Amino acid sequence: MIIVMKPSATAEDTAGVIARVEELGYRAHPSSGEERTVIGVIGDDRPVDPDALRSLRGVEQIHPILAPYKLASRDMHPEDTIITVHGGATFGGTAIPVMAGPCSVEDAESTFAIAEQLQGMGVKVLRGGAFKPRTSPYSFQGLGEEGLKILAEVRERYGMAVVTEVMTAEEAPLCDEYVDILQIGTRNMQNYRLLEAVGRTRTPVLLKRGMSGTIEELLLAAEYILAGGNEQVMLCERGIRTYETATRSTFDINAVPVLKQLTHLPVIVDPSHATGRWDLVEPMSKAAVAAGADGLIIEVHADPSQAISDGAQSLRPEAFADLLRSVERVAQAVDRSLDLAAVKA
Ligand code: PEP
Ligand code: MN
């Protein structure tokens with residue numbers, strides 16, 4: 001249920017409504033917009049009696065949220081959520097940040113080298129996995145905390161934000177010490193204890209869609225994080241499993257405008273994992289931006305043939321620089337722009 005406060009309602013009126021909601025055994029999630037405050041009433045599935053709240057001072061309207069996800073829905077929060085990270089990249093506004101970097105943090109030297117190159121192209125967020133969810137237990141599993149330390153050093157040296165995947169609830173506090181954005185991978189979209197763990201942090205979360213997850217399941221996964229009080233959630237379409245084998249996954253481009261209608265959270269696209277092929281990353285990045293994506297996350301490696309993971313879908317830095325130029329033209333065509341730092345000529 002959503003309680004819409006009158007434009008004239010005072011902070012005291014809002015506090016009174018919150019106190020009553022809590023007295024009735026529910027949780028209140030206030031959200032102040034430009035004109036008015038709305039209060040989400042969240043609890044278990046017991047129906048809330050609207051008459052218990054309607055007569056309170058400052059209340060204008062009460063209506064049910066029909067979607068099973070509440071805090072993630074546009075009903076609760078009509079305006080877009082805007083998330084700004086270290087180094088200034090801003091997700092959910094007009095400008096579109098591009099996160100880029102290797103699939104895995106392989107070693108310090110190569111990570112600093114690629115960070116420097118990407119920073120030189122204006123990229124504000126470096127990606128790199130320290131804990132890697134690999135299909136085979138014999139594949140490289142990531143550098144662990146050593147990888148996190150390398151990412152933290154990138155942050156210091158280059159002023160970039162860093163994003164990395166968190167695989168377990170136990171490792172969430174450790175990752176949170178080092179990085180600016182906590183990534184939940186496709187294999188963990190429905191790991192509810194992990195979602196609760198990142199929901200306890202106040203660090204932005206990049207929640208990837210499960211490869212067999214529906215859009216509703218993705219939004220309910222986001223709801224776990226939001227219900228924990230972490231309001232900074234971004235959703236990421238990274239391709240789904242279908243019968244098609246020409247590409248690693250099928251990029252569900254429908255998900256972008258569908259999500260933009262249903263939720264206020266920024267929608268990011270990962271064309272690298274969505275296709276599994278470096279030669280498709282540029283066209284799918286353009287398609288993502290044309291469809292309304294609020295950000296991109298792209299794998300880039302100095303020498304993809306030597307990459308420890310995901311070389312086949314990684315772009316060389318030169319190809320990535322070309323991609324930025326062509327995607328910028330599409331962004332301009334839809335009245336947006338890429339969120340790149342000004343680069344010295
Ligand atoms: C990754 O970003 O390297 C990754 C493992 O992504 P996904 O969870 O989408 O497969
Ligand atoms: Mn990868």
Side-chain angles (χ1 to χ4, degrees), residues 97-106 110-111 114 118 123 125-137 139-144 147-148 150-151 161-168 171-172 175 179-191 194-195 198 204-213 215 217-218 221-222 233-242 247-252 255-256 259 267-278 280-281 284-285 288 293 295-316 320:
V98 183
M99 301 174 265
C103 178
S104 304
V105 176
E106 299 181 353
S110 68
T111 308
I114 196 78
L118 292 169
V123 170
V125 185
L126 185 89
R127 62 146 291 143
F131 295 95
K132 293 303 301 178
R134 305 306 300 282
T135 303
S136 163
S139 300
F140 174 65
Q141 301 287 314
L143 297 180
L148 296 177
I150 296 170
L151 290 171
V162 292
V163 51
T164 207
E165 177 165 352
V166 189
M167 282 178 55
T168 69
E171 282 157 356
C175 294
V179 304
D180 302 285
I181 305 173
L182 298 167
Q183 176 176 324
I184 303 295
T186 190
R187 295 160 187 79
N188 270 319
M189 184 195 82
Q190 289 180 309
N191 180 340
L194 174 58
L195 300 176
V198 297
V205 175
L206 178 69
L207 173 63
K208 288 190 149 196
R209 179 179 180 182
M211 58 183 92
S212 303
I215 287 174
E217 286 163 345
L218 171 61
V233 180
M234 303 181 234
L235 306 172
C236 180
E237 164 59 35
R238 51 76 68 206
I240 52 174
R241 275 267 165 111
T242 68
T247 48
R248 180 179 180 181
S249 298
T250 297
F251 171 26
D252 180 12
V256 178
L259 285 168
V267 177
I268 313 300
V269 165
D270 175 344
S272 307
H273 292 86
T275 60
R277 287 173 41 177
W278 71 268
L280 301 181
V281 171
M284 291 304 101
S285 299
L296 294 168
I297 179 163
I298 296 179
E299 289 185 340
V300 181
H301 195 282
D303 182 359
S305 70
Q306 298 299 313
I308 302 183
S309 56
D310 287 351
Q313 67 196 35
S314 298
L315 289 171
R316 291 181 186 282
F320 177 70

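Along the sequence shown, the residues carry numbers beginning at 1. First listed ligand is number 1; within each ligand, the first listed atom is number 1. Treat the numbers as computed from the prediction; the structure is a model and nothing was measured.
- Closest protein heavy atom to atom 7 (P) of ligand 1: Lys208 NZ, 3.5 Å.
- Around the Mn ion (ligand 2), the protein atoms of type N, O or S that sit closer than 2.8 Å are Cys103 SG, His273 NE2, Glu299 OE2, Asp310 OD2.
- Shown here are the salt bridge (charged side-chain N to carboxylate O under 4.0 Å, His left out) partners of Glu106, two or more places apart in sequence or in another chain: there are none.
- Not one N or O of Asp270 is nearer than 3.5 Å to an N or O of ligand 1, by distance alone.
- No N or O atom of Glu165 sits closer than 3.5 Å to an N or O atom of ligand 1.
- Counting only heavy atoms of the protein, atom 10 (O) of ligand 1 lies nearest to Arg238 NH2, 2.9 Å.
- When every heavy atom of Phe140 is checked against every heavy atom of Val105, the shortest pair comes out as CZ-O, 4.0 Å.
- Residue contacts with ligand 1, taken as heavy atom pairs separated by less than 4.0 Å, involve Glu299 solely via side-chain atoms from C-beta onward.
- A heavy-atom separation below 4.0 Å is found between Arg127 and ligand 1.
- Using modelled atom types and a 3.5 Å distance limit, the side chains of Glu299 and His273 yield a donor-acceptor pair.
- Judged by the shortest distance from any of its heavy atoms, Gly129 lies outside the 4.0 Å radius around the atoms of ligand 1.
- In this structure, the protein non-hydrogen atom closest to atom 4 (C) of ligand 1 is His273 NE2, 3.4 Å.
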